[in-house]
Protein chains: 2
Amino acid sequence: MSVTIKDVARIAGVSPSTVSRVISNHPRISRKTSDKVKQIMTELGYHPNIMAQSLVSRTTNTVGIILPRPAEELFLNLFFSEVIRGIVSQTSRAGYDLLMTSGATEAEEVEAMTRLVRGRRIDGVLLLHSRSNDPMIKLLKEEEFPFVLIGRSADDPDIVSVDTDNVQAAYDAARHLIMQGHERIGFVSGPPNLMVSQDRLAGYRKALKEAGLETRDEWMVEGEFLQESGYRAMSFIMNLPEPPTALVVTDDVVTFGVVRGLTELGYRVPDDISLVSFNNIALAEMSTPPISSVDIGIYQLGYTASHSLLRSIQGETGGQTRMIIPHRLVVRESSLKSDRHWR
Amino acid sequence: MSVTIKDVARIAGVSPSTVSRVISNHPRISRKTSDKVKQIMTELGYHPNIMAQSLVSRTTNTVGIILPRPAEELFLNLFFSEVIRGIVSQTSRAGYDLLMTSGATEAEEVEAMTRLVRGRRIDGVLLLHSRSNDPMIKLLKEEEFPFVLIGRSADDPDIVSVDTDNVQAAYDAARHLIMQGHERIGFVSGPPNLMVSQDRLAGYRKALKEAGLETRDEWMVEGEFLQESGYRAMSFIMNLPEPPTALVVTDDVVTFGVVRGLTELGYRVPDDISLVSFNNIALAEMSTPPISSVDIGIYQLGYTASHSLLRSIQGETGGQTRMIIPHRLVVRESSLKSDRHWR
DNA sequence: ATGAAAGCGCTAACAC
DNA sequence: GTGTTAGCGCTTTCAT
């Protein structure tokens with residue numbers, strides 16, 4: 001079938017262990033033998049059987065992720081592509097591969113994870129999000145399996161995680177609107193059970209409170225990370241007796257829905273209502289009008305999480321448990337009243 | 001360390017081979033033994049070591065993909081997320097996992113693929129695109145390794161592939177504009193070396209020719225799958241002495257750039273210029289104005305490719321070599337002149 | 001219906 | 001420096 005270490009050994013006239021040593025660049029192997037073996041290897045097109053290597057070395061050079069089940073949550077908003085790109089670019093550089101799987105239900109997800117972890121199929125896990133009381137985290141902790149969370153866990157402040165300072169990010173966004181002179185500022189949020197939603201809401205509230213501005217519950221709406229959510233939110237919010245004059249919106253894609261909703265209702269952005277959003281996807285800049293957005297460095301989030309996981313797999317201890325990727329508010333037209341200028 | 005088949009065997013008072021038989025649901029194993037062993041397995045939290053299974057079974061229950069290197073090409077336009085979702089949902093259902101890797105250069109990509117294929121780390125490969133004279137395809141054919149291409153190969157018409165009928169899709173798009181009464185129709189294309197670009201251009205040309213309309217080279221511009229490409233194309237196209245009154249654009253994201261460019265130049269869509277695009281991403285509907293777009297079923301593309309690959313891995317022979325996922329033009333405001341209506 | 005033994009392809013003591 | 005040997009955890013004849 002496939003060419004094995006034995007074939008190479010036989011043809012090179014050495015023992016299999018010598019070939020193995022050549023593969024792993026063992027120090028005390030004669031230059032001559034090494035060269036000869038290497039030549040035979042390329043002649044034969046030999047490549048080590050990775051499964052056999054894994055079996056004996058008890059490592060797989062693979063990290064795993066479970067695809068988020070409610071695909072909409074992460075997929076449509078471009079978060080997924082970008083974070084994967086960050087992850088893979090780091091893992092590949094380090095000689096690791098990324099294994100993805102999924103489950104149709106939460107039970108299946110946990111089952112899949114168990115299979116990978118206990119079956120020693122992977123060396124570590126990246127968690128793309130966490131719910132409160134997350135069974136994945138429970139499992140991984142029980143198994144003492146290396147993992148890194150992208151985001152924040154409510155229950156376990158001591159697990160290794162890479163996150164945005166969402167409280168501060170939302171604070172910055174709201175603060176920017178306040179500086180523009182707005183006094184009635186609303187908030188279009190994502191799913192309330194996610195930490196990211198809770199943190200951003202907290203930051204928004206903090207900014208308003210600090211500025212002595214009113215916070216009304218009716219100015220805060222929850223939804224999904226979908227355009228429809230933003231769209232629908234507008235028919236509610238703009239029909240209030242006293243609608244806000246500015247909105248902090250939790251995601252660019254949701255903001256597109258918001259803009260569309262406002263346009264249909266006859267409002268103009270930013271003249272009638274100002275917007276600040278999150279994630280700063282490429283489309284935010286190209287939108288009409290261009291959307292002010294907090295860039296949270298999604299690629300960097302993936303890259304850093306990946307890096308940290310590999311460190312912990314390789315037994316390096318004592319990194320920080322909570323790493324924060326810096327964010328940056330990119331101001332564009334959507335939050336600049338035409339007669340004013342941001343400075 | 002981890003609990004193995006031997007531990008289970010010892011505690012259950014049977015031999016390892018019996019335990020193995022229980023795992024694989026061997027027919028002639030007594031109900032009683034099976035139950036006992038299964039109970040012990042759950043008690044001990046036993047999970048088979050996947051690497052050991054793979055080593056002996058010579059299969060990995062894993063399919064591989066190489067992340068496209070020029071990330072922009074596939075990532076920004078949402079194609080990637082959606083196709084991955086289709087792939088994983090199918091593979092997971094069938095008990096397979098997806099392994100992703102990447103390379104910084106083309107040489108590294110081929111090297112990574114070689115490692116996976118010859119190292120027997122995966123059972124099959126999904127190709128997300130193909131260039132002409134693709135070294136990946138060459139390698140896979142040499143190794144007689146199962147693979148399925150999403151897209152079309154210029155060189156090898158006989159390889160198994162799943163694709164959109166892009167000629168027909170572009171024909172439909174152009175035809176729609178012609179029916180709207182347009183006589184000067186332009187085309188904003190993607191990278192000219194990709195089959196998808198060539199096919200769509202061909203379909204566009206065919207529709208115009210059939211209708212006896214003029215095709216001018218200056219009405220056709222090439223670019224990337226980026227908004228910037230669409231944006232820049234407009235300053236060129238609209239400065240022509242006789243600019244087109246309608247455009248077929250190869251991708252929704254590019255179209256957003258086109259809209260932005262047109263807006264800045266003072267043109268309105270669709271009143272001054274009509275647009276039809278491809279891919280029908282969720283944002284197309286929420287855009288201002290909503291974009292007419294050809295839905296090519298990206299999820300389905302991934303799902304079908306995945307399905308076909310698994311069939312071929314499992315030795316089923318004689319499927320079609322070229323599968324076409326049906327497309328569908330979704331007409332929205334961007335291609336409907338305000339005083340006319342599509343019927 | 002079950003056990004014993006060989007071996008998947010590789011690595012890692014332990015010899016010399 | 002290199003060969004010999006004994007597994008890694010599992011499956012699979014071949015016996016019984």
Side-chain angles (χ1 to χ4, degrees), chain A residues 1-38 40-41 44-62 95 114-123, chain B residues 1-38 40-41 44-62 95 114-123:
Chain A
M1 188 77 180
S2 229
V3 33
T4 77
I5 211 171
K6 282 184 186 170
D7 302 323
V8 178
R10 188 164 28 80
I11 297 182
V14 297
S15 79
S17 36
T18 302
V19 178
S20 173
R21 289 189 178 102
V22 171
I23 293 172
S24 53
N25 285 313
H26 192 98
R28 38 185 193 185
I29 201 90
S30 85
R31 181 59 185 270
K32 197 174 147 203
T33 331
S34 170
D35 286 350
K36 185 173 61 185
V37 169
K38 275 180 181 158
I40 307 266
M41 290 200 307
L44 265 47
Y46 169 78
H47 277 256
N49 181 308
I50 302 180
M51 295 308 182
Q53 282 183 323
S54 289
L55 181 57
V56 57
S57 71
R58 295 158 174 290
T59 68
T60 62
N61 278 28
T62 306
T114 310
R115 181 175 55 85
L116 296 183
V117 169
R118 307 203 63 134
R120 296 286 174 242
R121 173 99 191 249
I122 53 181
D123 295 341
Chain B
M1 189 73 182
S2 229
V3 32
T4 77
I5 212 171
K6 282 185 187 168
D7 302 323
V8 179
R10 188 166 27 79
I11 298 181
V14 297
S15 78
S17 29
T18 302
V19 178
S20 173
R21 289 189 179 101
V22 171
I23 293 172
S24 52
N25 285 312
H26 192 98
R28 34 186 196 187
I29 202 90
S30 84
R31 182 59 186 270
K32 197 175 147 200
T33 327
S34 170
D35 286 351
K36 186 174 60 186
V37 169
K38 277 180 181 159
I40 307 266
M41 291 199 307
L44 263 49
Y46 169 78
H47 277 257
N49 181 308
I50 302 179
M51 294 308 184
Q53 282 184 320
S54 288
L55 180 57
V56 56
S57 71
R58 296 158 176 289
T59 67
T60 62
N61 278 26
T62 305
T114 310
R115 181 176 55 84
L116 297 184
V117 168
R118 306 204 62 136
R120 297 283 173 243
R121 173 154 227 188
I122 52 181
D123 295 341

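Naming: A, B, ... by sequence-line order, numbering from 1 per chain. Please read these numbers as outputs of a predicted model, since none were measured by experiment.
- In terms of the side-chain hydrogen bond (donor to acceptor under 3.5 Å, both in side chains) criterion, B:S20 has no residue partners (sequence neighbours excluded).
- Rounded to 10°, the angle separating the first-five-pair axis and the last-five-pair axis of the helix from C:dA1-D:dT16 to C:dC16-D:dG1 equals 40°.
- The closest side-chain heavy-atom distance from B:I23 to B:V37 is not below 4.5 Å.
- Note on B:S57: every side-chain N or O is 4.0 Å or more away from OP1 and OP2 of D:dT11.
- Listed by residue number, the members of residues 44-53 of chain B with any heavy atom below 4.0 angstrom from DNA chain D are B:Y46, B:P48, B:N49, B:A52, B:Q53.
- Screening residues 7-27 of chain A for salt bridge (charged side-chain N to carboxylate O under 4.0 Å, His left out), with sequence neighbours left out, gives A:D7-A:R10.
- Straight-line distance from the CG atom of B:L55 to the C1' atom of D:dT11: 10 Å, rounded to whole Å.
- OP1 or OP2 of C:dT2 lies within a sub-4.0 Å distance of a side-chain N or O belonging to B:S30.
- Close to D:dG1, at under 4.0 Å from its OP1 or OP2, lies no side-chain N or O of A:R31.
- Side-chain contact between A:Y46 and A:I5: present, with at least one pair of heavy atoms (C-beta onward) separated by less than 4.5 Å.
- Not counting sequence neighbours, A:R28 has no partner by the salt bridge (charged side-chain N to carboxylate O under 4.0 Å, His left out) test.
- Between C:dT2 and B:T33, a contact under 4.0 Å exists linking OP1 or OP2 to a side-chain N or O.
- Annotation: side-chain contact (heavy atoms from CB on, under 4.5 Å) contacts of A:K6 (sequence neighbours excluded): A:T4, A:P16.
- By the side-chain hydrogen bond (donor to acceptor under 3.5 Å, both in side chains) test, B:S24 is found to be paired with no residue, residues two or more places apart in sequence or in another chain being considered.
- For the pair B:I5 CD1 and D:dC8 P, the interatomic distance rounds to 13 Å; values are reported in whole Å.
- Put simply, the side chain of A:T62 does not reach to within 4.5 Å of the side chain of A:R121, judged on heavy atoms.
- Using a 4.0 Å heavy-atom distance criterion, B:I29 is classed as a sugar-phosphate-only contact.
- Applying the side-chain contact (heavy atoms from CB on, under 4.5 Å) test to A:L55 and every residue at least two apart in sequence or in another chain returns B:N49, B:A52, B:L55.
- Taking B:T18 as the reference, B:S15 meet the side-chain hydrogen bond (donor to acceptor under 3.5 Å, both in side chains) condition, with sequence neighbours excluded.
- Both B:S34 and A:V56 lie near DNA chain C, and the one whose nearest nucleotide falls closer to the 5' end is B:S34.
- Closest to the side chain of B:S20, out of D:dT12, C:dC10, C:dT2, is D:dT12.
- Using a 4.5 Å heavy-atom threshold, the side chains of B:I50 and A:R120 count as separate.
- In this structure, the separation between OG on B:S34 and CE on B:M41 is 7.5 Å, given to the nearest 0.5 Å.
- Residues passing the side-chain contact (heavy atoms from CB on, under 4.5 Å) test with A:T59 are A:S57, A:N61, A:D123, sequence neighbours excluded.
- A distance of 8.0 Å separates NZ in A:K36 from OG in A:S30, rounded to the nearest 0.5 Å.
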Every protein N/O lying under 3.5 Å from an N/O of nucleotides 14-16 of chain C:
none

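- Of the residues in residues 7-17 of chain B, those with a non-hydrogen atom less than 4.0 angstrom from any atom of DNA chain C are B:G13, B:V14, B:S15, B:S17.
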